[in-house]
Amino acid sequence: MKYRLKTASGPDTGQTFDLGESTWLGSDENADVRLDGLEAEHARIIRRDGGLVLEASGEARVNGEPADKVALQSGDEIQFGTCRFVLQAPGLKPVRVLDQAPARRASGWKWLVASGLLAAAGVAGWWFLLGPGAAA
């Protein structure tokens with residue numbers, strides 16, 4: 001499966017980077033993804049056991065949580081300094097989207113209409129049988 005990082009914030013916003021077997025991120029001129037202001041070899045993303053693992057020697061966050069070594073999933077937000085990325089797997093929706101949504105309850109408007117009709121029928125019955133509209 002082909003993975004890539006899409007820049008969500010920072011100087012390269014909107015740019016995408018294809019991930020190989022091992023992708024280095026940092027300020028070194030030979031980094032696969034060059035990010036100024038970070039350590040030379042700040043972090044790397046490695047393919048392992050059919051997925052990806054982030055190993056960071058510098059400060060990193062995955063989905064807002066500090067991370068130094070963590071398995072990644074499509075849709076994860078990865079942050080290094082002020083740069084944020086979204087991990088994408090083309091053709092695969094993020095895991096959070098794939099989780100089954102809770103069953104939707106039936107709309108309440110049907111019950112509201114039915115109870116309104118019953119109330120109207122009750123008032124009409126009272127009017128004609130017992131109320132001012134009753135025949136004397």
Side-chain angles (χ1 to χ4, degrees):
M1 179 169 292
K2 185 175 183 177
Y3 291 95
R4 65 182 175 210
L5 287 179
K6 182 170 184 174
T7 313
S9 70
D12 298 321
T13 299
Q15 188 172 350
T16 59
F17 300 93
D18 290 334
L19 301 177
E21 291 299 313
S22 178
T23 303
W24 281 102
L25 300 99
S27 60
D28 188 88
E29 65 183 35
N30 295 320
D32 298 308
V33 179
R34 189 160 188 275
L35 302 168
D36 291 330
L38 300 181
E39 296 177 16
E41 295 181 351
H42 196 87
R44 71 181 180 153
I45 298 175
I46 306 166
R47 286 186 185 262
R48 186 174 292 149
D49 300 326
L52 296 177
V53 175
L54 170 72
E55 294 179 348
S57 57
E59 183 180 341
R61 292 184 169 275
V62 174
N63 300 322
E65 298 294 321
D68 56 0
K69 186 174 184 179
V70 64
L72 298 172
Q73 298 177 11
S74 180
D76 281 347
E77 180 185 277
I78 306 165
Q79 182 176 352
F80 306 103
T82 60
C83 295
R84 290 183 306 118
F85 298 88
V86 175
L87 179 63
Q88 296 179 328
L92 179 64
K93 291 183 180 178
V95 172
R96 288 180 290 281
V97 173
L98 294 176
D99 288 343
Q100 187 170 354
R104 238 179 108 178
R105 294 180 59 184
S107 298
W109 68 270
K110 293 176 185 176
W111 290 107
L112 185 61
V113 169
S115 53
L117 289 172
L118 284 173
V123 168
W126 173 82
W127 178 267
F128 287 113
L129 295 176
L130 302 173

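Hydrogens, waters and symmetry mates play no part in the numbers below; they use all other heavy atoms, side chains included.
Within the 4.5 Å cutoff, no side-chain heavy atoms of T23 are placed close to those of F17. Within the 4.5 Å cutoff, no side-chain heavy atoms of D76 are placed close to those of L54.
The only option from R61, K6, R84 that meets the salt bridge (charged side-chain N to carboxylate O under 4.0 Å, His left out) definition with E77 turns out to be R84.
Minimum heavy-atom separation, N63 to G75: OD1-O, 4.4 Å. When all heavy atoms of D32 and S22 are compared, the closest pair comes out as OD2-O, 3.6 Å. Nearest heavy atom pair, residue G26 against residue A31, reads O-CB, 3.6 Å. Minimum interatomic distance between L38 and S27 (heavy atoms only, all atoms of both residues): O-OG, 2.7 Å. Closest non-hydrogen pair, A43 versus F80, comes out as CB-CE2, 3.6 Å.
Applying the 6.0 Å contact sphere to CG of D18 captures more than 12 heavy atoms from other residues, nucleotides or ligands. Surrounding CD of E59 are at most 12 heavy atoms belonging to other residues, nucleotides or ligands under 6.0 Å away.
Checking side-chain atoms of S9 against main-chain N and O of T82 turns up a donor-acceptor pair under 3.5 Å. A distance-only check finds no donor-acceptor pair linking the side chain of T7 to the backbone of G14 [under 3.5 Å]. Under a 3.5 Å cut-off, the side chain of S57 and the backbone N or O of E41 do form a donor-acceptor pair.
How far CD1 of I45 is from CG of L87: 6.5 Å, rounded to the nearest 0.5 Å.
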